[in-house]
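Heads up: the structure comes next, in structure tokens.
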2 protein chains.
Amino acid sequence: MINKSSPIPIYYQLEELIKDQIEKGDLKPGAALPPEREYAETYQISRMTVRQAFTKLVNDGYLYRLQGKGTFVAERKVEQGLQGLTSFTEDMRARGLEPGSQLINFEVISAPVRIAKYLSIEEGSPVYEIKRIRLADQVPMALETTYISVDKVKGLTKEIVNRSLYEYIEGTLGFKIDHAKQIIESSVANQIESEYLSIKEGAPIMLIQRNTYLEDETPIEVVKSSYRADRYKFMIDMKR
Amino acid sequence: MINKSSPIPIYYQLEELIKDQIEKGDLKPGAALPPEREYAETYQISRMTVRQAFTKLVNDGYLYRLQGKGTFVAERKVEQGLQGLTSFTEDMRARGLEPGSQLINFEVISAPVRIAKYLSIEEGSPVYEIKRIRLADQVPMALETTYISVDKVKGLTKEIVNRSLYEYIEGTLGFKIDHAKQIIESSVANQIESEYLSIKEGAPIMLIQRNTYLEDETPIEVVKSSYRADRYKFMIDMKR
DNA sequence: GAGTGGTCTAGACCACCCC
DNA sequence: GGGTGGTCTAGACCACTCC
């Protein structure tokens, strides 16, 4: 199960192995895992390496530890907010909905002052402005506008946007998206939003602004979304 | 600076030391820290111990690492969402507002089915129902109702609630609050909410339900809050 | 090649829980 | 007392970055 001569780190292999067992149901919520020392013995690896894998799984919410007692499988977070940052597509799939998208605008504009500030670029620099209606099971879920610096992300096209923006940024360009700051507020739909989202003017909506960053804190993307409040709830798990 | 004979773990002492330096400005955002090996040498501790402290600070968003280059201080998250779970009081203080509270109801009721389910107790078991108007700079910010199992948290009184509920649960009772699931949605104020929050009926509000858990996943508290949308935004930092 | 973080080992002792 | 996780050591070699 563990390949010590593989270039894949041992702690990562063990992590995936345990995640698999949890997802398959071999390890059930609340059940105690074999002790760290037993994993070390079984796979002939150091206990510190086992702890590295365990620690990651605890941070990601798969396991929890009780001193003197053992390590246990956490309750399933079914229908719970995803841990970590996800794309709209991943988010909808996790909710059991079929994601869809309708591009309504794709152009290069001069960065307005606020967008420039968020992206740490000069005011007036070229940025892509991508406006989309996001669908879930063919029904409008959100109106979304994405701003990306042309200088940082070159070669973006309508086709790429329609396929997968994140895949292009992470896969093709090799950037590592690391984290995002999100600001969530409640509001009511204006005329434009009500039209695109097929709701009444004045109906409640949830505004989410997301600023996305790479590992070294370079801002890579700003997304402003208006979600239909009757269809969308934001769920999240926070550590103390 | 580091006391090796102290009962406080070395990695934790180092963590606090570096956090202090960042907060004091001795270490500025973007600046490279001395290499791990240098810390180990300076304080005569193992490099693994230094890494343990660094790893925690990276996870908490204070530092970031670039392989082959070094470890750096992350950008300030001033006026950004707090990392982690905070009380209303902590939240308001972080926003530079003076928190306040007005108790409007404190009683023991029979748990309704939904509350019982969230708290993992029998329907009809006794629960405290605590209704409060939460103030920021003396102005209503949110209407908040808290449900807590009487069997799990004994001896709760109005006085304790007015002082600090979390301090009682964590300090006096010794429970360790570990994480919380939050569900955020947009809505409009009904008659009761509009009255307590001093806003018009139909004005946008943000509903937040928080289910709080201990380390071993025991639910300890359910809080339902209605925040004034004109005064409150929810900010959060998420890892990919 | 020198310096950085990334991974890994084979031990050790401590603190806490439960019998 | 025996088993668990929590902390710590003193090394090692690898991968990556920069000169």
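Below, all heavy atoms of this structure are taken into account, side chains as well, without hydrogens, waters or symmetry copies. Letters go in sequence order (proteins before strands), and every chain restarts at 1.
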Under 3.5 Å, N/O pairs linking protein and nucleotides 15-17 of chain C:
from: C/dC16; atom 1: O4'; to: A/Q67; atom 2: OE1; distance (Å): 3.1

Taking the six-membered ring of B/Y213, is the NZ or CZ of B/K181 close enough (under 6.0 Å from the centre) and on axis enough (within 45°)? yes
B/E185 meets the side chain to side chain donor-acceptor pair (under 3.5 Å) criterion, sequence neighbours left out, with none
Sorted by chain and residue number, the side chain to side chain donor-acceptor pair (under 3.5 Å) partners of B/T212 (sequence neighbours excluded) come out as B/E221
In short, ring-ring contact (aromatic ring centres under 6.0 Å, His included) pairs touching residues 14-60 of chain A with sequence neighbours left out are A/Y39-A/F54
Chain B reaches DNA chain D, atoms under 4.0 Å from its heavy atoms, from D/dT7 to D/dC18
Taken in chain and number order and not counting sequence neighbours, the residues that satisfy side chain to side chain contact (heavy atoms under 4.5 Å, CB included) with A/S101 are A/R132, A/R134
Check: Is it the case that A/T145 and A/K131 place a side-chain donor and acceptor less than 3.5 Å from each other?
Finding: yes
In numerical order, the residues of residues 40-48 of chain A whose heavy atoms come under 4.0 Å of DNA chain C are A/I45, A/S46, A/R47, A/M48
Across all chains, not counting sequence neighbours, the side chain to side chain donor-acceptor pair (under 3.5 Å) partners of A/Q13 are none
The complete set of salt bridge (charged side-chain N to carboxylate O under 4.0 Å, His left out) pairs with one or both residues in residues 35-53 of chain B, sequence neighbours excluded, reads B/E36-B/R47, B/E36-B/R51, B/E36-B/R65
Contact check, residues 2-13 of chain A vs DNA chain C, heavy-atom distance under 4.0 Å, returns A/K4, A/P9, A/I10, A/Y11
Assess the side chains of B/T89 and B/D91: does a donor N or O sit below 3.5 Å from an acceptor N or O?
no
Hits for side chain to side chain donor-acceptor pair (under 3.5 Å) against A/E129, two or more places apart or cross-chain, chain-then-number order -> A/N105, A/Y147
Practice item. Could you go through the salt bridge (charged side-chain N to carboxylate O under 4.0 Å, His left out) check for B/E16 and B/K19 one step at a time? Key: CA-CA 5 Å; B/E16 294 300 310; B/K19 262 196 242 179; 3.5 Å; yes
Quick note, salt bridge (charged side-chain N to carboxylate O under 4.0 Å, His left out) partners involving residues 106-123 of chain B, not counting sequence neighbours, are none
